[in-house]
Amino acid sequence: MAKLTVRDLDVRGKRVFMRVDYNVPLEEKDGQMVITDATRIVETLPTLKLLIEKGAKLILAAHLGRPKGKRESSMSLRPVAAKLQELVGVPVQFVDDCIGEKVEKAASALKEGQILLLENVRYYNEEEANDPAFAEKLAKVADVYVNDAFGAAHRAHASTEGVARVVAKRGGKCAAGLLMERELKFLGDELENPARPFVVILGGAKVSDKIKVIDRLLEKANTILIGGAMAYTFKLAHGDKVGKSLVEPEHKQTALDAEAKAKKLGVNFQLPTDFVVATPVDTGKLNKKGKPVMDFTNIQTVKGNIPDDAEGFGAGEETAKHYAQIISEAKTILWNGPMGMFEDPRFAASTNIVARAVADATQKGAKSIIGGGDSVKALNKAKLGDKVTFMSTGGGASLEFLEGAVLPGVAALSDK
Ligand code: ADP
Ligand code: MG
């Protein structure tokens, strides 16, 4: 059922409690915490501007990092308030708590079109526990609830779910922000009745991470293109050797079942036919996290068996070009998971070829939807992020949503 959005709301003079995703990367510089990437703040501006225009009194709640119930000063949202004020162009007040008298006072002093940012909700353990009493306390300043934090919607926390329930119980409205609305539209509605051919590209590390998505999309897609380390489990299931590649032998049957289902449903299910492999060698050095730094020698493309001392790091060019051909004929494209270890340029070719094909198909009129944190990174790295129809901001939430799960933060919003 369609959810109420901020467009549908009459909020003049009302206190709008809005959950945002301001979990931005911070770095310490000269004793100060500095925001190194403000994308998440910028992304909320359309919703904020609309609500300001509509005369709302805005109270923003967010989490930052994992303070685990403690007041961790390095995870304060104070620097975000300053940045937001600079970006949104209206005064943004900050209060160093998210519940209590201070918050209530600051909220009641708000005028129409003004913004108050609350301190990190995860300074309280009750947030992640979705404690009902804590949700009541948060809801004290909420006439209306808005959720624009899709990336946190798969968690039933007090600020993503509990407050909405309290507001709804009082007869208040709970609506999606514009960012959330776009996520629901592209990852949800657009994939319900996709223009065909509908081509799904699935890669990433593990079959076990993606099997629910594979299973659900087998019922909708015309073609599924498999890439990434996930392919090695399929390969192993077919009796091929995979050398030192990342595999899940316990999921061989899962892989075979997926192929059988594809056959039954008439889905064109493609696996890579060539692989870029390399021999890993320990450099003897440790990285910042204390893990051994590996180097790779003897990088080569192989078909069939992967040599015993080699590890696969992605699909080969033959595969990528074949996939690109199929993608060029698609009308709807969903991509989740890179084709290989794209972070290393030596193994990024197949991911980049596929990214280019998706961008070109979009140019020709296909709708392209990208879900998954690393897939978005790969596309941005290839400088093609603005050449696709939609890139999810959701990471883990987008994967769960694509699996067909009901996200608690979405379920809590009012129906239209
Ligand atoms: P997403 O975040 O888009 O859902 P995943 O998290 O499932 O994607 O997978 C991304 C990760 O999988 C990347 O960091 C990439 O390096 C890794 N990966 C993909 N293919 C391989 C491979 N062949 N070997 C090792 N790692 C791989
Ligand atoms: Mg990932």
Side-chain angles (χ1 to χ4, degrees), residues 23 150-151 154 183 186-187 200-214 216-217 224-236 240-248 251 254-255 271-280 287 289 291 294-296 299-303 306-307 310-317 319-320 323 333-355 358 368-382 384-385 388 390-403 405:
N23 191 20
F150 180 75
H154 57 321
E183 296 277 357
F186 283 106
L187 297 179
V200 174
I201 311 156
L202 288 173
K206 294 178 179 169
V207 169
S208 57
D209 282 346
K210 300 288 163 87
I211 188 59
K212 283 192 199 149
V213 174
I214 297 178
R216 176 153 181 272
L217 290 169
I224 294 191
L225 307 174
I226 298 285
M230 186 160 55
Y232 307 122
T233 301
F234 284 92
K235 216 169 158 50
L236 195 67
D240 284 347
K241 289 192 171 168
V242 296
K244 293 182 171 170
S245 306
L246 185 64
V247 279
E248 297 174 285
H251 280 291
T254 316
L271 293 165
T273 50
D274 63 340
F275 300 89
V276 180
V277 307
T279 310
N287 68 10
K289 289 180 184 161
K291 290 213 176 117
M294 305 299 285
D295 198 8
F296 307 106
I299 297 175
Q300 56 176 320
T301 299
V302 300
K303 293 186 181 187
I306 294 174
E311 181 173 352
F313 290 106
E317 254 187 69
T319 302
Y323 286 5
I333 301 160
L334 173 67
W335 185 6
N336 175 280
M339 293 291 100
M341 201 169 74
F342 72 96
E343 294 91 339
D344 187 321
R346 292 172 292 183
F347 308 116
S350 57
T351 299
N352 289 339
I353 289 170
V354 165
V358 172
S368 53
I369 298 165
I370 319 297
D374 294 295
S375 317
V376 168
K377 267 187 217 151
L379 218 73
N380 282 331
K381 205 160 181 230
L384 295 170
V388 295
F390 178 72
M391 284 203 299
S392 175
T393 60
S398 57
L399 193 63
E400 283 193 31
F401 195 63
L402 289 172
E403 286 170 0

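Read the numbers this way: they start at 1 and go in the same order the structure lists the ligands and their atoms.
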Note to self: If the criterion is any heavy atom closer than 4.0 Å to an atom of ligand 1, which residues make the list?
What the structure shows: Gly204, Ala205, Lys210, Gly228, Ala229, Tyr232, Gly312, Phe313, Gly314, Asn336, Gly337, Pro338, Gly340, Met341, Glu343, Gly372, Gly373, Asp374, Ser375
Next item on the list: Mind telling me whether Phe390 and Phe186 have parallel, tilted or perpendicular rings, with 30° and 60° as the class edges?
Entry: parallel
Margin query: Quick one: does any side-chain atom of Ser375 pair with a main-chain N or O of Ile370 as donor and acceptor, under 3.5 Å?
Written below: no
Margin query: Please report the interatomic distance CZ(Phe347) to CG(Asn352), rounded to the nearest 0.5 Å.
Written below: 13.5 Å
Next item on the list: Starting at CZ of Phe234, measure out to CD of Glu248 and round the result to the nearest 0.5 Å.
Entry: 10.5 Å
Item checked: Separation of Ser392 OG from Asn336 CG (nearest 0.5 Å) -> 9.5 Å
Note to self: Checking one value in my table: which N/O/S atom of Asp374 lies closest to the Mg ion (ligand 2)?
What the structure shows: OD2
Check: So, the side chain of Asp274 versus the backbone of Thr319: is there a donor-acceptor pair under 3.5 Å, distance only?
Finding: yes
